[in-house]
There are 2 protein chains.
Amino acid sequence: MDIKQFINKNIIKQPSDKIDTCPFPTYRKKFKKHDIITRYGQIEHSAYFLLDGILESSIERDGEIKIIDFIFPNYFICSYTSFLLATPSEIQTMALTDCEVEFFYKWDLEEAYKTSMVANQFGRYVTEQFFITKVKRENDFLTKSAEEVYLQLLNERPEIIEKIPVNKVAKYLGIHPESLSRIRSKLIS
Amino acid sequence: MDIKQFINKNIIKQPSDKIDTCPFPTYRKKFKKHDIITRYGQIEHSAYFLLDGILESSIERDGEIKIIDFIFPNYFICSYTSFLLATPSEIQTMALTDCEVEFFYKWDLEEAYKTSMVANQFGRYVTEQFFITKVKRENDFLTKSAEEVYLQLLNERPEIIEKIPVNKVAKYLGIHPESLSRIRSKLIS
């Protein structure tokens, strides 16, 4: 799926309104495993739609790296506060595998916002999804144990358990890899 | 300011495009001090624009009430995840003083989203603001001490220090009222 198809699937309700071209210019780019897409402190000018591969987004707190999320194809990733406010990014995005993304620039999106209803519906929808994801992750980590979050991953996002190295999953859960091993052994037995 | 004026000020760029009526129906309602606008567990069907008074939004965690924010006139308040997903609200909104709000219903907004560009620009803008507010508050509480957050309130939102009772400000900062008194004495001396 590309961005045009994403819009036709999630935004456009009437088959007759389906779009042939995106309401703003988009570009494609390939990244190698371990390439940085957005760096800590950088101003984010682009939003990325993952076509292929896996990305990781992380944040640095008190000198420690915390993984915020793993991104799989057909999802958007953007250091969105930096994108909206032109402030230095607190988030870093890295390719966990070789990746291909489709991306667009902030200025092109803002230009489209002036005249295109579809662009505004798209921007609203993606912002809503970012908001929901953020609240959900925050609530999970405030109210659930690492074991409960792990079980939830198993049920809701098994691709994380299947495709992400254990030490990365542990960093996402905010626990040591040994603690994660104990949780896994306990669940298997 | 009412919602129509909010849209003309923040959304519409060209003077000739200013709107005379809101792209969705809105209603007004008055609340008495201590009235609950949105209750824990309720499904949020409305979004509120505060015309007059002060509101408080809070969350319950581990049996303890935490104040998330104080809302002053010309800002929107909504238990937005509940509004978007029709899930029980984790947030409660209460009137701290007698208040007047302008509000609208989710179904009317969604209807307007189908045909009105202004409604989509408005929805996108308010969602962006909710996102930014959420990230900013989270970052403040993860990276700043209670004293630093208090100093920031003094500088950026003095109306909170001036108009909100000390015990409420302490609950917002996540500290005991006595600790807040110590911070205040230290800053004065």
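Predicted, not measured: the structure shown is a model, and the values here were computed from it. Quick note on labels: first sequence line is chain A, next is B, and so on, each numbered from 1.
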Proximal component of A:N139, with respect to chain B [non-hydrogen, under 4.5 Å]
both
Proximity breakdown for A:E90 and chain B, heavy-atom pairs closer than 4.5 Å
side chain
Among residues at least two apart in sequence or on other chains, which ones pass salt bridge (charged side-chain N to carboxylate O under 4.0 Å, His left out) with B:D140?
B:K136, B:K144
State yes or no: do B:I37 and B:I68 share one hydrophobic cluster built from I, L, V, M, F, W and Y residues joined by side-chain heavy-atom distances below 4.5 Å, directly or via other members?
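Per the 4.5 Å side-chain linkage, B:I37 and B:I68 are not co-clustered.
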Answer yes if A:F6 and A:V101 sit in the same cluster of Ile, Leu, Val, Met, Phe, Trp and Tyr residues linked by side chain heavy atoms under 4.5 Å apart, and no otherwise.
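No, no single cluster joins them.
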Can you tell me if [X] has over 12 outside heavy atoms packed within less than 6.0 Å of its [atom1]?
{"X": "A:K66", "atom1": "NZ", "result": "no"}
{"X": "B:K18", "atom1": "NZ", "result": "yes"}
{"X": "B:Y75", "atom1": "OH", "result": "no"}
{"X": "B:R39", "atom1": "CZ", "result": "no"}

Separation of B:E138 CD from A:E138 CD (nearest 0.5 Å):
4.5 Å
Rounded to the nearest 0.5 Å, what separates atom CD in A:Q129 from atom OG1 in B:T127?
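Interatomic distance, A:Q129 CD to B:T127 OG1, rounded to 0.5 Å: 10.5 Å.
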Might you point out which heavy atoms bring B:Y113 and A:M117 nearest each other, and give the distance in Å?
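Scanning both residues, the minimum pair turns out to be O-CE, 3.9 Å.
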Would you call the rings of A:F130 and B:F131 parallel, tilted or perpendicular, taking 30° and 60° as the class edges?
tilted
Residue pair B:F122, A:R124: steps toward the side chain to side chain contact (heavy atoms under 4.5 Å, CB included) verdict:
CA-CA 9 Å; B:F122 164 81; A:R124 177 178 57 72; over 6 Å; no
So what's closer than 4.5 Å to chain A heavy atoms on B:K114: side chain, backbone, both or neither?
backbone
Whether A:Q121 side chain and B:N120 backbone form a donor-acceptor pair below 3.5 Å:
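Side chain of A:Q121 to backbone of B:N120, a donor-acceptor pair under 3.5 Å: no, none is there.
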Counting heavy-atom pairs closer than 4.5 Å to chain A, which one of B:V118, B:L85, B:L84, B:V126 comes out on top?
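Option with the greatest count: B:L84.
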